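Beneath this line is the structure, given in structure tokens, with notes to follow.
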Amino acid sequence: MASTLRFVNGRVYDPANNIDGEVRDICIKNGKVVDSLPDDTPSIDASGMVIMPGGVDIHSHIAGPKVNLARKLQPEDHRHDPHPGTNFTRSGSGGTVPSTFATGYRYATLGYTTVMEAAVTPIGALHTVEELHDTPVIDKGFYLLLGNNIYLQTLLKEGRHDEFKQAVGWWINKTKAYTAKLVNPGGDEPWKGKRNSNVTDIDEKSDLLNISPRDVIEAFVKTVNELGLPHPPHIHCNNLGHSGNYKTTLETMKTAGDLRMHLAHIQFHSYGGEPGKNPDSKAVEIAEYVNTHPNITCDVGQVMFGKSTIMTADAPLAYLLRGFKKGKWVNADAECESGCGILPFSYQEHVFTHALQWAIGLELFLLSEDPWRIMLSTDHPNGGSFMSYPKLIRLLMDKEFRKEEIGKVNQKAIAKTNLPSLDREYTLNEIAIISRAAPARALNLKHKGQLGPGADADITIYDDQEDKEMMFNAPRYVIKSGEMVIEDHEFRNDYYGKILHSAPEFDEEISEDIRPFFEKYYSIEFENYGVADHYLHEHEIIPRVSS
Amino acid sequence: MTETMILIPGRSSKQGTSLNKGKLKEEYIDVTSILEMNMDDMTRLKLKDGDEVRISNEIGSAVVRCKGRKPDDLPSGVLFIAYGPPSSELMDGDTAGSGMPLSKHMQVKIEKVAA
Amino acid sequence: MAENTRIVKNATCTFCGCVCDDMELTVDLDKKVITKAKNACVLGRAWFAEHQIDDRPVAMIDGKEAPLEEAIEEAAQVLVNAKFPITYGLSDTTCEAQKQAVAISDIIRGTIDTTTSVCHGPSGLAFQDIGESTSTLGEVKNRADLVIYWGGNPAESHPRHFRYSVTPKGMFIPNGKKDRTVVMIDVRKTPSAPVADILIQVKPGKDFELLWALRALVKGRKVDPQIQVMTGVPLETMTDLVERMKNCRFGVLFFGMGLTMTRGRHFNSGALLALATDLNEFTHFVAKPVRGHGNVTGADNVVSWQTGYPFGVNFSRGFPRFNPGEFTTVDTLTRGDADAALIIASDPASNFPKAAIEHLKKIPVISLDTKETSTSKLSHVAFATSTYGINTAGTVYRMDDVPIPLRPAFESPYPGDEEILFAIKKRVHELILSKCGATGATGEARVASKLML
């Protein structure tokens, strides 16, 4: 194995280090980027190529109980898209929910080297870790669903804020998670316990616990910032997908004050109109709030036309979507922790709502004044597969292409947006920001998303091409931790990526407070819960940050 | 005298505990060779507990011992046996494209084995 | 109490799909036996008591004792030289071992199938068509006020299943069983019947008809009164059940192999899953197959995440293909397609259809089992392995997809399934690489030992 590598004559896009298309050498030694290498080190000529840090996906659904249910649910999604193995890589199957091996290899073929799984129940964390071990090449971590956790909500109801903080710390440690994830906070109890109903207002108090979604959001923002988790609470707001939901989204962001907050797939939360009626675009209002509040980061959750799979902890939403076609549907309640809904889905150009969603996502990208805070995602596989990222990049970089595509979709929907008037074209530097530098910064992954000395040698090298979709579809080289995984567009090596997680400090005594609740209301033993250290294998603890 | 009945193989506690000892042990073989049968059916066929009967279909046949169950518990015309080698003898390998052989609800002929 | 005694708390019983993880085992370390299994049911007690260290060779070739390395070499040679090698079993071993088995099948381009295909395989097919509204068992404990068992006899097959569904007090079920209505639907009055508040006896083979009539009634449609004659269930009983289902707060339908193994197979499971889905228009309703062997749910999960499909997967074209009836084990054996078999922790030679067993006798079989079985006896290569959960650590999945780590009680002189399968995998990979003459690619040698596991 080559412990050193040098690429010369390539154009480097490393926005974190203010390098914008400069031709310079990239040197790699022992898995890290270094300043220089001895003169006799062989070089690879990267003339006519573009060098970027490996991609970082801040929000994707790739492993764990719900993902596996979605895989099992859709043989038809795999059959048309086999993923053959090689002498040293495993085979798998593709589609919108690929098998674990195919997921890792396919992310790598797009030049992505770090991916965060965005929603894991604590009771399903061990399952998730097992699948992540079978997801090759990429480094990976996961966000822990805590926003509908009954024990934590009970603490809030009782006003026990310090215990709440200790318990969040306990849960993150116990499961080896990265940060807390909130999905439709307050919505689980009406779903499971009140005949499949839902919470509709951020200030609506639950009958059972007498707290509102806002109370939950506020508590998590404060706590996660106090605990110094490397990524702020990752929030899927209430009312996802509903007309008029942009008000809820604005209220959610206001709840943060000036503390860090990440909003997931904000496109799904930027709709005007009356509930139950057709939506219109409120991308301008949402983008303006984000633009003027530097404490907020978000990913877009772009919708891409074609087959998708809805998989979400927002069970009432999945059931609502299921109502349109009455097709197959999975609901999976996790005791005391979360709900979950899954169904196959298809976004179609002629459908008003789908075209509007597509256009709103693009508006948000194009209205963003700070690419460091509005990041690229399709909420894979909800808005579409991560395999559609290259096409999305072309839509952002190429206004002529975008114009053609706009012409193909429902024009009544387009008329509800400002999309045709937006002429902006993303630069390669901005693409490097929204797909690697910004997510790495929002995750506080200091060694990723950049190519300065000491950075992880996770590097992608593309042939510079006019057609950006072609370009981003097939990097010539992909290097993971200094290993040449893809060379001349072909796999040369397998690589075993590590698990990234946090380990915040907390008061161990809290576990004696959790235990009696657990023993009463869970169905497994307290000692058998969570992810024991020996399950981790290759891993890295991302240190706490001070806010 | 021969009659056609419906055989339902299934699990039983004894089958479960004895298979832990070993499937080649006498106890397991014994447990899986007892056929439960409606008492009225037994009377009609002139059978008593412990009598040997032959159950057969187009696939194969097995000789097992019968044991009476109250008509309330087991309807007339239905037979129960714990899974094991005798039930395999009667199982059709055709799965109708499902992977699952028809393992319950098998039509079988039942006749007393002359002592 | 013996001097050299160890207590293992929170141990897990892997006999049935309940995988109860509240065992307290007393272990006599000198004799290597579990002398007491507190909290275990009758099946669990037998599981722990009977898994002692047998005196058998760790490996045998054609019935004769052989060194382990030689047996691994022979197994690898058989698998690599076969044209249609099948792997089967897997439900009574750890996920870690299951991963190795899938890897072997991938490398040798064989077929992998698990005991799911002859258990709840039809429910897996129904799942692909209908989906499933479901939940973990803790939610049933906390919330279910209507509990229906259909075509199952948990008292004998899963004796402690009721501790999740019937007897416990839960968050919204403060009085336990008193707050729940329990319904049993079966063709016979099983030993589970005493637990039921309502007993419904359906005619054998008429489950689908009854389920479909219930679906119609839930949707407010009229049904032909002839349905009563056909199913043996009075219409009043059906309407009463429908009202209970629509009006409960949290209903659950547990179903067993009384649906999957009988006439109708996946149509029966599908009808039941559709009924549970329909009921969500009125209230919260979930369904759950009551799975069999200790880690059959783990096998479904591992095979699914590695290949995209739950069972019956073939790799002959270099990628996974799924086709029940084509790649499921009863079929590959009955049709005579398989020319070698790797059987892990399962005994098809004692419970498969006769025609399948006859073919198994004709081909080289490699078996891994903790005990001597009909299958190990007819094996060309037979490995004796240690018992998961008793001697071997690892992960298992409960029937509701909840993963649980194992806490072994005592060491066995025999290797675990994972260890043997890992060795076979490594060797078949070497053999395949040399067979296709792969040389010189970057890092080939290193990669051979580091293949994505």
Side-chain angles (χ1 to χ4, degrees), chain A residues 1 63 65 68-69 71-75 78-79 82-85 87-93 95 98-102 123-124 126-127 130-131 134 136 150 191-193 195-196 319 328-336 342-343 484 487 492-494 496 520-525 527-528 532, chain C residues 9-10 12 21-22 95 99 103 106 124 127-139 141-143 164 170-172 249-250 277 280 282-284 286 300-301 304-310 315 318-320 322 395 401-405 433 436 438 441-444 446-447 450-452:
Chain A
M1 112 188 191
N68 218 25
L69 285 168
R71 273 189 200 107
K72 266 193 266 190
L73 182 66
Q74 303 177 88
H78 306 310
R79 280 205 168 105
H83 187 95
N87 277 338
F88 50 87
T89 59
R90 291 284 301 274
S91 75
S93 47
S99 64
T100 52
F101 299 121
I123 203 167
L126 179 53
H127 178 167
E130 286 213 288
E131 283 196 25
D134 280 351
I150 295 194
W191 170 252
K192 292 174 181 171
R195 299 185 186 276
N196 296 351
Y319 188 64
K328 56 186 177 183
W329 162 71
V330 171
N331 169 73
D333 305 328
E335 58 207 63
C336 308
I342 300 162
L343 66 148
M484 184 86 86
E487 183 178 6
R492 297 285 188 229
N493 262 317
D494 206 345
Y496 188 91
K520 226 165 149 184
Y521 299 127
Y522 276 71
S523 64
I524 67 171
E525 295 303 302
E527 275 73 14
N528 291 333
Chain C
K9 289 185 178 171
N10 308 303
T12 296
D21 66 332
D22 61 341
C95 291
K99 288 184 192 185
D106 192 355
F127 174 87
Q128 292 174 337
D129 200 28
I130 308 290
E132 179 178 281
S133 174
T134 193
S135 86
T136 64
L137 291 171
E139 214 64 279
K141 159 179 148 174
N142 283 330
R143 296 173 188 273
Y164 303 109
M171 200 177 286
F172 304 99
R249 289 180 69 86
F250 187 111
T277 298
N280 276 282
F282 306 93
T283 188
H284 201 77
V286 299
D300 273 24
N301 272 299
S304 292
W305 83 55
Q306 293 211 343
T307 74
Y309 310 107
F315 291 96
F319 53 80
F322 166 69
T395 316
D401 292 315
V402 170
I404 294 171
L433 282 180
C436 52
T442 325
E444 196 79 67
R446 181 180 57 84
V447 155
K450 210 185 148 188
L451 180 86
M452 192 64 209

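In what follows, every heavy atom counts, from backbone to side chain, and hydrogens, waters and symmetry copies are set aside. All figures in this text were calculated on a predicted structure; none of them were measured in a lab. Throughout, a chain's letter reflects where its sequence line sits, starting with A, and its residues are numbered from 1.
Of the listed residues (T277(C), V286(C), V402(C), D401(C)), the greatest number of heavy-atom pairs within a distance under 4.5 Å of chain A belongs to T277(C). For the set G193(A), P65(A), A102(A), the count of heavy-atom pairs under 4.5 angstrom toward chain C peaks at G193(A).
For I150(A), the part sitting under 4.5 Å from any heavy atom of chain C is the side chain, from C-beta outward, and nothing else. For K520(A), the part lying under 4.5 angstrom from a heavy atom of chain C is the backbone only. Only the backbone of F282(C) comes within less than 4.5 Å of a heavy atom of chain A; no side-chain atom from C-beta onward does. Contact of P75(A) with chain C is made through backbone and side chain together, with heavy-atom distances under 4.5 Å. If you measure heavy-atom distances from F172(C) to chain A, the contacts under 4.5 Å come from the side chain alone. Of the two parts of H83(A), only the backbone, made up of N, CA, C and O, holds a non-hydrogen atom closer than 4.5 Å to a non-hydrogen atom of chain C. For Y521(A), the parts sitting under 4.5 Å from any heavy atom of chain C are the backbone and the side chain alike. For D106(C), the part sitting under 4.5 Å from any heavy atom of chain A is the side chain, from C-beta outward, and nothing else. Residue contact with chain A, scored on non-hydrogen atoms closer than 4.5 Å, involves the backbone and the side chain of T395(C) alike. In this structure, the portions of N301(C) lying under 4.5 Å from any heavy atom of chain A include both its backbone and its side chain.
One N or O on the side chain of K141(C) and one on the backbone of Y522(A) form a donor-acceptor pair closer than 3.5 Å. In terms of modelled atom types and a separation under 3.5 Å, the side chain of K192(A) and the main chain of H284(C) share no donor-acceptor contact. T283(C) places no side-chain N or O within 3.5 Å of a backbone atom of R195(A) that could act as its donor or acceptor partner. Judged by distance alone, the side chain of R90(A) and the main-chain N or O of T307(C) form no donor-acceptor pair under 3.5 Å. Side-chain atoms of N528(A) come within 3.5 Å of backbone N or O of N10(C) as a donor-acceptor pair.
Ion pairing of E527(A) with K9(C) is absent here, as no side-chain N (NZ or NE/NH1/NH2) approaches a carboxylate O to less than 4.0 Å.
To the nearest 0.5 angstrom, L126(A) atom CG is 8.5 Å from C95(C) atom SG. The structure places OG of S133(C) at 6.5 Å from CG of D333(A), a figure rounded to the nearest 0.5 Å.
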Query - Steps toward side-chain contact (heavy atoms from CB on, under 4.5 Å) verdict (I404(C), I524(A)) - result: CA-CA 8 Å; I404(C) 294 171; I524(A) 67 171; 4.0 Å; yes
Requested in this report: Start with the C-alpha gap between S304(C) and N68(A), add the side-chain angles, then the distance that decides, and say whether side-chain hydrogen bond (donor to acceptor under 3.5 Å, both in side chains) holds.
Outcome: CA-CA 7 Å; S304(C) 292; N68(A) 218 25; 4.9 Å; no
Report task. Show your working on side-chain contact (heavy atoms from CB on, under 4.5 Å) between D300(C) and K72(A) and close with a plain yes or no. Result -> CA-CA 9 Å; D300(C) 273 24; K72(A) 266 193 266 190; 4.3 Å; yes
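The nearest pair of heavy atoms linking P320(C) to S91(A) is CD-OG, 3.6 Å. The two residues S523(A) and Y164(C) have their closest heavy-atom pair at O-CE2, 3.7 Å. What you find for C336(A) and M171(C) is that their closest heavy atoms are SG-CE, 4.1 Å.
Listed by chain and residue number, R71(A), E131(A), D134(A), T135(A), W305(C) satisfy the side chain to side chain contact (heavy atoms under 4.5 Å, CB included) test with T100(A) (two or more places apart in sequence, or in another chain). Under the rule for a ring pair (Phe, Tyr, Trp, His ring centres under 6.0 Å), F127(C) has no partner lying at least two apart in sequence or in another chain.
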